Amino acid sequence: MRNIRAAIRMILFIGMTLGVHFIWFIGSFFIPNKPFWRQLIFRIWARNFMVISGMNVEVIGTPPRPPFLLVANHLSYVDIAAFRAVLETVFVAKKDIRHWFLAGWIVRNMGTIFIDRNNRRDIPRVGKEILEKLEDGEGVTIFPEGTSTKGEEVLPFNSSLLEFAAKNNLPVYYASITYKTSDDEPTPSEAVCWWDDTVFMEHLWRLFSLKEFTALINFGEETVNNPNRKELAH
């Protein structure tokens with residue numbers, strides 16, 4: 001039964017993703033407000049992902065309204081859909097995703113800012129792009145840990161990625177995300193968190209085999225400001 005469920009969801013997910021992106025592509029020729037159109041399509045995709053995957057999202061606190069800069073811990077690619085279902089935001093992601101077959105093209109078209117984490121010279125460019133998104137009235141979410149984990153701890157935040165925020169004295173919002181599965185299902189670290197060397201499609205199959213799961217997002221009520229990037233990251 002689990003394999004049947006995963007197979008059906010995989011077909012629905014691929015078909016939905018291609019269909020939604022096709023609608024975005026056609027609409028982009030006629031709708032002048034590109035950020036609005038992109039955000040609308042991104043939200044539709046995220047909420048369809050919730051339905052297909054069996055994901056419920058519980059929110060504690062108040063999600064910020066754009067423009068905003070939000071930092072959060074990172075557990076999985078599922079974080080993107082969970083946050084995007086409740087936030088009007090684009091994301092900062094590692095540049096490797098840009099070269100994924102088909103998926104990279106789709107992610108790029110959704111306004112993702114890519115960063116080369118192995119090249120410190122790329123950080124000023126990323127900071128400039130983030131500021132441009134904020135000036136355009138969009139929200140930006142970054143994962144300063146630099147990698148996803150299985151949720152046992154929060155890794156130290158990369159302070160260099162927050163240098164632009166410190167220099168410009170930007171208010172930084174923050175949130176934490178965690179996942180829950182039922183007692184008769186694999187644990188979130190096994191089926192939801194993507195932290196090991198499992199290839200993407202194999203992990204997605206594992207995720208889709210779950211009957212349902214819950215993403216719990218906890219938003220901080222106050223922003224954080226600090227002109228020192230290391231203190232801000234801490």
Side-chain angles (χ1 to χ4, degrees), residues 46 49-50 53-61 63 69-87 89-100 103-104 107 112-120 122-123 126 130 139-163 165 172-183 185-210 212-220 224 229-234:
F49 179 89
M50 287 177 58
S53 65
M55 176 172 67
N56 302 299
V57 177
E58 296 180 5
V59 174
I60 299 175
L69 174 65
L70 176 79
V71 300
N73 62 312
H74 191 26
L75 302 177
S76 175
Y77 52 86
V78 185
D79 300 348
I80 304 301
F83 275 113
R84 189 57 194 78
V86 298
L87 287 174
T89 185
V90 297
F91 297 87
V92 177
K94 59 182 181 180
K95 72 167 188 176
D96 310 53
I97 297 176
R98 186 171 190 164
H99 304 293
W100 287 6
V107 171
T112 302
I113 301 170
F114 295 100
I115 181 173
D116 183 354
R117 297 189 183 276
N118 296 318
N119 182 4
R120 296 182 64 86
D122 195 40
I123 293 176
V126 173
I130 293 175
V140 180
T141 299
I142 62 176
F143 303 110
E145 289 173 292
T147 187
S148 55
T149 73
K150 59 181 178 178
E152 293 181 347
E153 60 179 347
V154 177
L155 301 178
F157 281 7
N158 186 337
S159 64
S160 58
L161 193 56
L162 294 171
E163 182 173 5
V172 181
Y173 292 84
Y174 59 93
S176 66
I177 186 168
T178 188
Y179 295 97
K180 297 185 295 184
T181 57
S182 59
D183 293 338
E185 296 273 19
T187 64
S189 63
E190 296 173 315
V192 184
C193 302
W194 190 30
W195 54 274
D196 56 13
D197 295 328
T198 305
V199 296
F200 173 70
M201 294 303 289
E202 180 181 344
H203 189 276
L204 188 62
W205 182 279
R206 188 186 306 167
L207 176 76
F208 284 165
S209 69
L210 294 173
E212 63 178 1
F213 65 100
T214 299
L216 179 62
I217 304 177
N218 193 335
F219 290 98
V224 179
R229 65 181 176 88
K230 292 186 177 180
E231 292 180 4
L232 179 60
H234 178 72

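On a predicted model such as this, the values are computed, not experimentally measured, just so you know. Computed over heavy atoms, backbone and side chain alike; hydrogens, waters and symmetry mates excluded. Counting from 1, the numbers follow the sequence of the chain as shown.
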With distance as the sole criterion, is a donor-acceptor pair present between the side chains of Ser148 and Ser76 under 3.5 Å?
no
Taking every heavy atom of Pro186 against every heavy atom of Thr181, the minimum-distance pair comes out as O-OG1, 2.8 Å
Could you check Thr141 against Val92 for side-chain contact (heavy atoms from CB on, under 4.5 Å), going step by step and ending with a plain yes or no?
CA-CA 7 Å; Thr141 299; Val92 177; over 6 Å; no
Least distance between heavy atoms, Thr178 atom then Leu75 atom:
CA-CD1, 3.9 Å
Given side chains that start at C-beta, do those of Phe208 and Ser53 come closer than 4.5 Å, heavy atoms only?
yes
Does Glu190 come within less than 4.0 Å of Lys150, counting only side-chain N to carboxylate O?
no
Could you tell me if the side chain of Thr89 sits less than 4.5 Å from the side chain of Arg84, heavy atoms only?
yes
Going by atom types alone, do Glu185 and Ser182 pair a side-chain donor with an acceptor below 3.5 Å?
no
Walk me through it: do Met50 and Val57 pass the test side-chain contact (heavy atoms from CB on, under 4.5 Å)?
CA-CA 8 Å; Met50 287 177 58; Val57 177; 3.8 Å; yes
Taking the ring of Tyr77 and the ring of Phe200, is the distance between their centroids below 6.0 Å?
yes
What class does the angle between the rings of Phe83 and Phe219 fall in, given that below 30° is parallel, 30 to 60° is tilted and above 60° is perpendicular?
perpendicular
For the atom pair NZ (Lys180) and CG (Leu216), what is the distance rounded to the nearest 0.5 Å?
6.0 Å
Rounded distance (nearest 0.5 Å) linking atom CG of Leu232 with atom NE2 of His234
11.5 Å
Do Ile142 and Leu70 come close enough that some side-chain heavy atom pair is under 4.5 Å?
no
Closest non-hydrogen atom pair, Ser159 against Arg229:
OG-NH1, 2.6 Å
If you compare all heavy atoms of Ala233 against all heavy atoms of Leu162, which two are closest, and at what distance to 0.1 Å?
CA-CD1, 3.7 Å
Drop me the distance from Ile115's CD1 to Lys95's NZ, to the nearest 0.5 angstrom.
11.0 Å
Indicate yes or no: at least one non-hydrogen side-chain atom of Thr112 is less than 4.5 angstrom from one of Phe114.
yes
Non-hydrogen side-chain atoms of Val224 and Tyr174 separated by less than 4.5 Å
yes
Minimum-distance pair of heavy atoms, taken over all atoms of Leu161 and Pro144
CD2-CA, 4.3 Å
Step by step, would you call Phe157 with Glu145 a side-chain contact (heavy atoms from CB on, under 4.5 Å)?
CA-CA 5 Å; Phe157 281 7; Glu145 289 173 292; 3.8 Å; yes
If we only count heavy atoms from C-beta on, is the Asn73 to Phe143 side-chain gap below 4.5 Å?
no
In short, Val78 meets Met55 closest at the heavy-atom pair CG1-SD, 3.6 Å
Taking the side chain as everything from C-beta on, heavy atoms only, tell me whether Ile177 gets closer than 4.5 Å to Asn218.
no
Are a donor atom and an acceptor atom from the side chains of Tyr179 and Asp79 found within less than 3.5 Å of each other?
yes
A side-chain contact here means heavy atoms from C-beta on lying under 4.5 Å apart; do His74 and Thr149 qualify?
no
Is it the case that the side chain of His203 and the backbone of Cys193 share a donor-acceptor pair, with hydrogens and angles ignored and the cut-off at 3.5 Å?
yes
